[in-house]
Amino acid sequence: MIIKENYSLLEHNTFHLEVKTRWFMEYSNEEELLNILHDEYFQECISLHIGSGSNLLFINDYNGIILHSAIKGIEIIEETDTSVLLRIGAAEKWDDIVSYAISNGWYGVENLSDIPGECGAAAVQNIGAYGVEIKDVIETVEAYNQLTFEKRTFNREACEYGYRYSFFKNENNDPHIITHINLRLSKKPYFSLEYANLKEILNRYTEVRLENVRDAVISIRRQKLPDTETLGNAGSFFMNPVISVDQYESLKRKYPELPSHTTDDNRVKIPAAWLIEACGFKGQSHGEVEVFNKQPLILVNLGNATGHEIALVAESIRTAVLDKFKIELTPEVKYVG
Ligand SMILES: Cc1cc2nc3c(=O)[nH]c(=O)nc-3n(C[C@H](O)[C@H](O)[C@H](O)COP(=O)(O)OP(=O)(O)OC[C@H]3O[C@@H](n4cnc5c(N)ncnc54)[C@H](O)[C@@H]3O)c2cc1C
């Protein structure tokens with residue numbers, strides 16, 4: 001177990017924010033986690049479990065305990081002619097799992113290539129890209145209830161997955177800490193290639209193979225997303241809003257070019273990037289914060305921005321979109337502090 005006091009979180013958030021936590025604790029197995037959860041001092045403090053901080057915005061120093069898992073490992077726990085069931089430690093890097101699956105010829109996660117973060121968080125967030133979400137391959141999630149200390153194995157239904165949503169994100173539920181995720185991947189070829197630019201890039205290859213899909217996804221992402229190594233950011237700052245058909249039709253009359261996508265429950269998803277660009281924010285800088293010039297859904301730390309400054313820019317975007325389109329943007333990024 002690693003315990004640090006007044007510890008810098010600079011290496012633990014992709015916005016590159018210079019914030020500190022009062023305590024940082026990293027456990028390497030379930031027994032160590034249970035010891036922390038049972039500790040009276042821990043129970044008195046505020047706490048937050050993080051992964052690699054690629055979806056967090058620290059507004060201030062954190063006056064509590066930041067928890068982090070070091071539980072790693074990939075185990076094949078079941079294998080049939082058609083599928084394989086993997087048990088994966090929450091601290092494994094998500095993209096390492098994608099790469100491992102592809103090198104073994106297992107299908108289902110290739111469209112989720114190159115998404116930053118760890119496996120525990122991926123299951124919290126229901127990460128998604130190019131028409132695929134992690135929920136499509138999740139069989140179960142193993143988690144401890146932070147208040148009752150009970151371990152529970154959630155099947156997919158119990159995870160209550162929705163767009164960037166899960167049981168674990170619902171603040172009305174007891175906080176849970178994920179230790180392992182269990183993914184079922186297919187040994188039989190199948191691809192999800194509906195996304196126009198993915199299809200277009202794959203047309204350049206003579207055949208569609210797992211490796212080609214991964215390469216295509218990575219090349220599309222690298223063209224439009226900032227590299228977190230050099231430019232602090234947390235990916236999409238806002239979720240794409242979902243509105244009623246009535247509201248969509250009335251907006252479409254006023255803005256005929258408004259892009260949209262119908263959801264399974266017959267509502268309409270609007271790209272938040274389009275709304276932000278239509279309000280004139282794309283490429284604008286406000287002090288040390290830039291609305292990324294290639295993708296306005298991303299806020300970038302140009303060097304010395306604080307979390308508070310990033311939150312102010314996000315708030316002015318939210319207000320402008322609300323005024324112009326009467327659409328409320330909800331942050332995808334989690335505010336801390
Ligand atoms: C450049 C860039 C591109 C991105 N592209 C995408 C994309 O295409 N699709 C997409 O969906 N996301 C995308 N993201 C967002 C981000 O990568 C995901 O949300 C990712 O799952 C976050 O993982 P993390 O380990 O960094 O988690 P953190 O940001 O550290 O935490 C995220 C949430 O998970 C909780 N959490 C973390 N670990 C655990 C655990 N073990 N148990 C319980 N709760 C836990 C945290 O409390 C927090 O609520 C992108 C981010 C960046 C920076």
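Each ligand, and each atom within it, is numbered from 1 in the order the structure gives. None of these values were measured; they are calculated from a predicted model. In what follows, every heavy atom counts, from backbone to side chain, and hydrogens, waters and symmetry copies are set aside.
Side chains of N182 and T140: a donor on one and an acceptor on the other come within 3.5 Å. Checking Y41 against W23 by side-chain atom types alone, a donor-acceptor pair falls below 3.5 Å. Looking at D265 and T263, their side chains do bring a donor and an acceptor atom within 3.5 Å of each other.
Residue G128 holds the heavy atom nearest to atom 9 (N) of ligand 1 of all those in A143, G128, A129. Closest heavy-atom approach to atom 53 (C) of ligand 1 among the candidates G89, G117, A90, G235: G235. Between G53, P116, G51, it is P116 that holds the heavy atom closest to atom 50 (C) of ligand 1. Nearest-heavy-atom check against atom 25 (O) of ligand 1 across G232, S52, S54 picks out S52.
For the pair K187 (side chain) and T80 (backbone), a donor-acceptor distance under 3.5 Å is present. Side chain of K326 to backbone of Q247: no donor-acceptor contact under 3.5 angstrom is found.
Considering only non-hydrogen protein atoms, atom 19 (O) of ligand 1 sits nearest to Q125 NE2, 3.0 Å. Summary of contacts: the protein heavy atom closest to atom 44 (N) of ligand 1 is V124 CG2, 3.4 Å. The single protein non-hydrogen atom nearest to atom 15 (C) of ligand 1 is N55 OD1, 3.9 Å, given as residue, atom name and distance. Remark: minimum distance from atom 21 (O) of ligand 1 to any protein heavy atom is reached at I127 CG2, 3.2 Å. For atom 14 (N) of ligand 1, the closest non-hydrogen atom of the protein is I115 CG2, 4.2 Å.
Among residues at least two apart or in separate chains, ring pair (Phe, Tyr, Trp, His ring centres under 6.0 Å) pairs with a member in residues 180-235 are Y107-F191, Y130-Y195.
Residues satisfying the side chain to side chain donor-acceptor pair (under 3.5 Å) criterion with S260, sequence neighbours excluded, are Y248.
Polar contact check, N233 against ligand 1: no nitrogen or oxygen pair lies under 3.5 Å apart. Between H49 and ligand 1, an N or O atom pair is found at a separation short of 3.5 Å. For a threshold of 3.5 Å applied to N or O pairs, the pair formed by I178 and ligand 1 contains at least one separation below that value. Distances between N or O atoms of R164 and those of ligand 1 include at least one value under 3.5 Å. At a 3.5 angstrom cut-off on N or O pairs, E118 counts as close to ligand 1.
Contact annotation: the side chain of V268 approaches that of V245 to within less than 4.5 Å [non-hydrogen atoms, C-beta and beyond].
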*asked:* Evaluate Y62 against L48 for side-chain contact (heavy atoms from CB on, under 4.5 Å), listing each step before the verdict.
replied: CA-CA 9 Å; Y62 191 72; L48 174 74; 3.6 Å; yes
